[in-house]
Amino acid sequence: MMATAAAKQAPKIVPKTSAGGSGAAGGSGGPPIMPLASPLMGKKKKPFLGMPAPLGYVPGLGRGATGFTTRSDIGPARDANDPVDDRHAPPGKRTVGDQMKKNQDDDDEDLNDTNYDEFNGYAGSLFSSGPYEKDDEEADAIYAALDKRMDERRKERRELREKEEIEKYRMERPKIQQQFSDLKRKLAEVSEEEWLSIPEVGDARNKRQRNPRYEKLTPVPDSFFSKHLQTGENHTSVDPLQGLGGLNTPYPGSMTPGLMTPGTGELDMRKIGQARNTLMDMRLSQVSDSVSGQTVVDPKGYLTDLNSMIPTYGGDISDIKKARLLLKSVRETNPHHPPAWIASARLEEVTGKLQVARNLIMKGTEMCPKSEDVWLEAARLQPGDTAKAVVAQAVRHLPQSVRIYIRAAELETDVRAKKRVLRKALENVSKSVRLWKAAVELEEPEDARIMLSRAVECCPTSVELWLALARLETYENARRVLNKARENIPTDRHIWITAAKLEEANGNTQMVDKIIDRAITSLRANGVEINREQWIQDAEECDKAGSVATCQAVIRAVIGIGIEEEDRKHTWMEDAESCVAHGALECARAIYAHALQVFPSKKSVWLRAAYFEKSHGTRESLEALLQRAVAHCPKAEVLWLMGAKSKWLAEDVPAARSILALAFQANPNSEEIWLAAVKLESENNEYERARRLLAKARSSAPTARYD
């Protein structure tokens, strides 16, 4: 059956016949059997065959077959402890496991609730895994610039506040070293015996062992030495059998008979004493006067000379020798190098060899005659008259050196000699402000005015000289001097401030504000940046000098410069507190006045101003300020109460009652005002009126009542 089925399914293969012949079937008359066609004969060729694949094409991606990687693509497997390819990798990145752990930590973002803040959000960046593009970099740069700008706005004030807080913290919680500073100062009163009696840490010895007695030495008689000189033997003890009459020599005549008694081997003690006296006479004769025979040795001076011979340098001698050798090498290698000569001279000075230092520095002046520092060092090391000669020689080599002229003037003890030196210096160096100032300080006011008028011609850009001349001139001349100063130096604010102070001193207070306003306009026109902090410091100096109108004008002109609108109140209050801390009360009063003009309805500003007047002002100024305050802030109960209390303290009870009455009108049924009125009456023994006020308050006050 299986064979039959196979025979049915098998195709019938008909052998080809010749062109003219026919097979058995053909001979039987049936239809001819056609041969089978190839499976590809009827299909059309695809147009994309043999063409390159398009960009981004992945074979099999459409039917879900993704690419795979074989071992030959990635190489052999590596253990986590295998070293990385980078031989110079830092610690923590030297193995494959460290690199994998770092990459995993970088990729993972900590989005846990513990890392979340309601105001700042997550502590890390939520987009750290994304690409960092150019617009991200520009945004970060803009934010960084804004942060830097905001940080620089009040940097100086913040640093000063932090410094004050640190000092306050140090005062409240001092260090251990500061707590025992007073005890350390008392250690200077401890004597040497008390120091020696202090036991060492861990020293368990008794007092006798800690403080041993000094060794007692007993002089040995000369006969003892004579015996051992003759015998040549070494003995450490004396024979007790020998008598007290001397030590007999067992071998007489063995020594040279120079100091021996003739016929014996004993030493002649008389000749030893004569030789000792002769040596002492020779030493005394060296320090005695050969004419009068009187000694010329001063004991105190002799001790002083001995102290001067002790070197002040406490370092190692070998270090001094090394430094001396190195400096000698520098001098020989580059003899025209001034610092080498100065260092060599100072080294010898430190070691106590002052004359050697002088010789070295004078040799340095010969090798470096154009060095100002070498000449000044030589003048410092030399004594008085010699220093003057050195400075005179320096002036011949350096006629334009200001420092040498100043040193020459300092060496002179007479005022006339100083003037002569400085005038000679001004003939050679007329453009030196330092020389002009030194010369003017030695002159009388009239001569100083004449000299300053010449000084401003030679140094027209010196603000100090112009201001000094204006102080010595009369009112009209001072105005002309300051006008010339403004023409020569249009960028300096001190000239304008001095002009305002001049007008205030002469009673022209209405010109002060105009001068300060013109100063701000002129300086801005000349490209000068108005530094608010510097102007406030100038105002504080004017306040301390007594120029109240000038300081107030400066405050009004610069208090609002460089401050944003939302920061004005806070900044001005800080400025006022800073002025109070510096002792500039008028500046603080001007700041409060300006702030009250800008913020007339701010209760906090009125309170600060009132507290300031209460602490640093008068009662009249406080009451005037409170009257203005209640006019602008009638609902502020504390301002009414402060005014009433001020009147009550001044024993003006009717005025206090009238203020409280006005306060009742502005604040009806206010419990604070009711209580203040009751307290006022009770303090003044008006108990009946106080009871009526309390009864009226109980009936009309909004406080909850219990029957």
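Since this is a predicted model, take the numbers as computed values, not measurements. Just the heavy atoms: all of them, side chains too, but no hydrogens, waters or symmetry mates, feed the values below.
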Worksheet entry | From CA spacing to verdict: salt bridge (Lys or Arg N to Asp or Glu O under 4.0 Å), R479, E473 | CA-CA 9 Å; R479 294 182 67 180; E473 292 286 358; over 6 Å; no
Discussion item. Please determine whether side chain to side chain donor-acceptor pair (under 3.5 Å) holds for the pair S604 and K569, giving the CA-CA distance in whole Å, both sets of side-chain angles, and the decisive distance to 0.1 Å.
Written reply: CA-CA 10 Å; S604 60; K569 176 185 171 184; 2.7 Å; yes
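A salt bridge links E623 to R619: at least one charged side-chain nitrogen sits closer than 4.0 Å to a carboxylate oxygen. Taking the charged nitrogens against the carboxylate oxygens, R449 and E443 have no contact shorter than 4.0 Å, which rules out a salt bridge. A salt bridge links K388 and E412; the closest N-O separation between the charged side-chain nitrogens and carboxylate oxygens is under 4.0 Å.
Scanning all heavy atoms of the two residues, the minimum distance from C459 to W466 falls at O-NE1, 4.4 Å. Across all non-hydrogen atoms, the minimal contact from V421 to A408 is CG1-CB, 3.9 Å. Summarising the geometry of L482 relative to A499, their closest heavy-atom pair is CD1-CA, 3.6 Å, with the distance given to 0.1 Å.
Between the side chain of E503 and the backbone N or O of T509 there is no donor-acceptor pair closer than 3.5 Å.
Of the options H594, E613, Q552, a side chain to side chain donor-acceptor pair (under 3.5 Å) to R589 is made by E613 and by none of the others.
A cation-pi arrangement is present between R486 and W496, with the terminal nitrogen or guanidinium carbon under 6.0 Å from the aromatic centre and inside a 45° cone about the axis.
For E565, the CD atom sits in a loose shell: 12 or fewer heavy atoms of surrounding residues, nucleotides or ligands are nearer than 6.0 Å.
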